[in-house]
2 protein chains.
Amino acid sequence: MAEGSGTPRVRRTKAEQRAETLEQILDAAEYLFSENGLHGVTLRDVAQRVGVHTTLLHYYFDDKRDLFEAVFARRAGVTSGRRIEAMERYEAEAGDKPTVEGALHAFLDTDIDLYLERGEPWLNYAAFCARVSNTPEGAALMDVHFDPVVLKLISILKRALPQVPEEDLFWGYHFVTGALMNAFARTGRLDRLSGGLCKSDDLVAVKQRMAKFMAAGFLTFPGRSEPA
Amino acid sequence: MAEGSGTPRVRRTKAEQRAETLEQILDAAEYLFSENGLHGVTLRDVAQRVGVHTTLLHYYFDDKRDLFEAVFARRAGVTSGRRIEAMERYEAEAGDKPTVEGALHAFLDTDIDLYLERGEPWLNYAAFCARVSNTPEGAALMDVHFDPVVLKLISILKRALPQVPEEDLFWGYHFVTGALMNAFARTGRLDRLSGGLCKSDDLVAVKQRMAKFMAAGFLTFPGRSEPA
DNA sequence: ATTATCTATAGATCTATAGATAATGC
DNA sequence: ATTATCTATAGATCTATAGATAATGC
């Protein structure tokens with residue numbers, strides 16, 4: 001909330017100002033969409049959170065959907081790129097003996113680390129993705145932005161489990177991504193359910209467990225077990 | 001859509017009429033909420049789908065949120081009850097040697113079977129739960145309606161894996177429910193991603209794989225492996 | 001002299017209420 | 001004589017556009 005009383009407005013170049021305002025708008029929208037979804041947020045909500053007038057949003061974006069897509073796209077390339085790199089690095093070091101667990105560590109941990117390292121806005125992005133992943137709008141954007149990462153993962157899994165039918169690998173991925181999105185959603189339900197034993201925003205705990213947990217699942221698929 | 005042209009209105013008692021209309025409204029709302037969430041659906045959308053006037057919804061329900069909660073509550077008891085029974089039956093037959101996989105079969109397959117047996121409206125309910133499970137409104141209702149089922153599952157898992165810390169069991173459950181909700185959401189993303197190899201509405205495929213997959217995951221938790 | 005932000009406002013849509021009409025119930 | 005459904009409508013809110021004002025840019 002950029003109240004006039006706080007920091008006195010420093011003189012900025014127009015490009016800077018544009019970039020700053022854009023980022024503030026996207027941050028606010030990202031947070032609000034992550035809580036309430038596309039339809040649960042009004043442009044007024046976003047504008048109020050930034051401290052600007054609603055109509056300014058129309059200066060930067062065509063309409064609400066355009067803003068929504070911009071939120072999705074802004075960080076998609078970063079997470080996508082980092083994960084693909086991590087998987088390529090893993091492939092190189094594993095040679096012709098990649099393992100399911102190794103691939104999943106590269107796929108999952110890289111992403112979790114990104115959000116842990118960069119703090120709140122990125123955690124909001126993770127929650128945003130989780131929130132919209134099972135909506136028509138969100139799923140369509142995932143197709144556009146995340147297919148390459150997923151197909152990269154599948155390709156390593158195929159080499160790790162050559163005798164497992166490809167469908168099983170996709171089903172396994174489906175389970176993995178559901179679990180991951182649920183972890184990113186951080187609804188607080190786990191906290192209440194477990195009587196405070198677990199915190200749903202404890203992504204460190206997720207990272208410690210998830211790759212190994214899921215890898216074991218893949219090894220249950222008939223075909224053959226992983227070359228240890 | 002109850003067009004006047006179709007079946008001629010049979011004379012019904014008021015109680016019958018009330019029950020029928022209520023069910024039609026809940027069915028329509030369930031479907032629409034499952035696609036677009038609480039905020040993505042207007043009362044007008046629901047009324048139009050039923051073929052009645054919007055204001056009739058206010059005759060049966062206080063407001064939109066009341067309708068939403070009624071949709072959630074209507075089938076919650078059925079799925080909840082069936083799953084608890086199935087887990088109790090399993091406990092009785094397993095004696096003092098329950099297994100993770102056995103518990104998960106009772107927990108997961110019972111639910112999947114319910115939706116497969118009873119067809120579309122119930123499949124919509126599953127999608128509805130999935131759609132709202134990571135929203136504030138949805139998570140709160142899950143607390144109310146589904147905590148007992150989940151805690152029952154946890155209690156069996158505790159006996160199956162006595163040396164595994166309770167937190168791990170909750171984290172494992174967190175992964176399981178994320179995967180299950182993603183399967184119930186049936187967004188079609190898996191179909192596109194896999195080039196048609198998998199169908200996201202193929203709950204039979206989910207049932208065939210999920211319990212075993214997840215059971216293997218639980219066995220990765222340090223403490224000790226399951227007494228085979 | 002261009003760009004960022006705000007004021008004013010139109011038009012659409014949505015929730016919700018009051019009160020009328022048309023059925024069923026005794 | 002009660003209950004189910006519809007008509008009419010108020011008030012709020014939301015998206016989006018047109019055009020004014022206030023900054024930065026040469």
Side-chain angles (χ1 to χ4, degrees), chain A residues 1-29 31-33 35-71 137, chain B residues 1-29 31-33 35-71 137:
Chain A
M1 253 134 291
E3 292 281 54
S5 59
T7 31
R9 290 223 167 164
V10 184
R11 192 184 169 93
R12 292 168 300 181
T13 163
K14 281 196 175 173
E16 280 172 4
Q17 193 166 348
R18 184 185 185 86
E20 259 180 60
T21 304
L22 259 174
E23 199 177 317
Q24 283 182 6
I25 293 172
L26 288 169
D27 283 349
Y31 170 73
L32 291 168
F33 283 141
E35 289 263 303
N36 302 108
L38 174 62
H39 303 293
V41 176
T42 68
L43 292 174
R44 218 162 142 242
D45 292 335
V46 179
Q48 256 174 2
R49 196 176 162 83
V50 178
V52 297
H53 206 270
T54 312
T55 52
L56 188 61
L57 303 189
H58 282 106
Y59 177 69
Y60 286 107
F61 301 97
D62 286 351
D63 53 22
K64 190 160 86 165
R65 202 166 218 106
D66 187 34
L67 172 61
F68 182 80
E69 288 178 14
V71 168
E137 315 88 51
Chain B
M1 249 136 291
E3 292 282 53
S5 59
T7 31
R9 293 224 163 163
V10 185
R11 193 185 169 92
R12 292 168 299 181
T13 162
K14 281 197 174 174
E16 280 172 2
Q17 192 166 348
R18 183 185 186 85
E20 259 180 59
T21 304
L22 259 174
E23 200 176 319
Q24 282 183 7
I25 292 172
L26 289 170
D27 283 349
Y31 169 73
L32 291 168
F33 284 140
E35 290 263 302
N36 302 108
L38 174 61
H39 303 293
V41 176
T42 68
L43 292 173
R44 218 163 142 241
D45 292 335
V46 178
Q48 255 173 2
R49 196 176 163 85
V50 178
V52 297
H53 205 270
T54 311
T55 51
L56 188 61
L57 303 189
H58 283 106
Y59 178 67
Y60 286 107
F61 302 95
D62 287 350
D63 53 22
K64 190 160 88 164
R65 201 165 218 105
D66 187 35
L67 171 60
F68 182 80
E69 288 178 13
V71 168
E137 315 88 52

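Note: hydrogens, waters and symmetry copies are ignored here, and every other heavy atom, side chains too, is used. These numbers were taken from a predicted model, which means no experiment stands behind them. In what follows, chains carry the letters A, B, and so on, assigned in the order in which the sequence lines appear, proteins first and then strands, with residues in each chain numbered from 1.
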Nearest-Å distance, [atom1] ([X]) to [atom2] ([N])?
X        : N       : atom1 : atom2 : result
Leu56(B) : dT17(C) : CG    : C1'   : 14 Å
Arg18(A) : dA22(D) : CZ    : P     : 22 Å
Leu22(B) : dT5(D)  : CG    : C1'   : 13 Å
Leu57(A) : dT5(C)  : CG    : P     : 11 Å
Gln48(A) : dC6(C)  : CD    : C1'   : 15 Å
His53(A) : dA22(D) : NE2   : C1'   : 15 Å

Within the 4.0 Å heavy-atom criterion, would you say Thr54(B) contacts the bases, only the backbone, or no part of the nucleic acid?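 Here Thr54(B) touches no strand at all.
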Please compare Arg44(B) and Ala15(B) by the position of their nearest nucleotide in DNA chain C and report the one closer to 5'.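 It is Arg44(B), whose closest nucleotide lies nearer the 5' terminus.
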Does Asp45(A) have any side chain to side chain contact (heavy atoms under 4.5 Å, CB included) partners at least two apart in sequence or in another chain, and if so, which?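 With sequence neighbours excluded, Asp45(A) shows a side chain to side chain contact (heavy atoms under 4.5 Å, CB included) to Leu32(A), Val41(A), Thr42(A), given in chain and number order.
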Which residues share a side chain to side chain contact (heavy atoms under 4.5 Å, CB included) with Glu35(A), sequence neighbours left out: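 In terms of side chain to side chain contact (heavy atoms under 4.5 Å, CB included), with neighbours along the sequence ignored, Glu35(A) is linked to Tyr31(A).
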Just jot down the side-chain hydrogen bond (donor to acceptor under 3.5 Å, both in side chains) partners of [X], sequence neighbours excluded, or say none.
X        : value
Glu69(B) : none
Asp63(A) : none
Thr21(A) : none
Asn36(B) : none

Measuring from the side chain of Thr55(B) (C-beta onward, heavy atoms only), which nucleotide among dA4(C), dT7(C), dT7(D) has the closest atom?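 Nearest listed nucleotide: dT7(D).
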Among dA4(C), dT5(D), dA16(D), which nucleotide sits nearest the side chain of Thr21(B)?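 Given the options dA4(C), dT5(D), dA16(D), the side chain of Thr21(B) is closest to dT5(D).
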Between which residue ranges does DNA chain D form stems of three or more consecutive Watson-Crick or G-U wobble pairs, both distances under 3.5 Å?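 Looking at DNA chain D, the stems formed by three or more consecutive pairs are C:1-24 with D:1-24.
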Please, which pairs that meet ring-ring contact (aromatic ring centres under 6.0 Å, His included) have at least one residue in residues 40-70 of chain A, sequence neighbours excluded?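 Residue pairs with at least one partner in residues 40-70 of chain A: Phe33(A)-Phe68(A), Phe68(A)-Phe128(A).
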Does dG25(C) have OP1 or OP2 under 4.0 Å away from a side-chain N or O of Thr13(B)?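 Indeed, a polar side-chain atom of Thr13(B) lies that close.
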Short side-chain N/O contact from His58(A) to OP1 or OP2 of dA16(D), under 4.0 Å: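 Yes, His58(A) has a side-chain N/O under 4.0 Å of OP1/OP2 on dA16(D).
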For the residue pair [X] and [Y], what are the closest heavy atoms and their distance?
X        : Y        : value
Asp66(A) : Asp62(A) : OD2-N, 2.9 Å
Leu26(B) : Ala70(B) : CD2-CB, 3.9 Å
Ala28(B) : Val50(B) : CB-CG2, 3.6 Å
His39(B) : Lys64(B) : CA-NZ, 4.1 Å

For Glu20(B), what residues pass the salt bridge (charged side-chain N to carboxylate O under 4.0 Å, His left out) criterion, not counting sequence neighbours?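 So Glu20(B) forms a salt bridge (charged side-chain N to carboxylate O under 4.0 Å, His left out) with Arg12(B).
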If you take any heavy atom closer than 4.0 Å to DNA chain C, which residues from residues 59-67 of chain A end up in contact?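 Per residue number, the list reads Tyr59(A), Tyr60(A).
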When you measure from every atom of DNA chain C, which of residues 36-43 of chain A have a heavy atom less than 4.0 Å away?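 Hits under 4.0 Å, by residue number: none.
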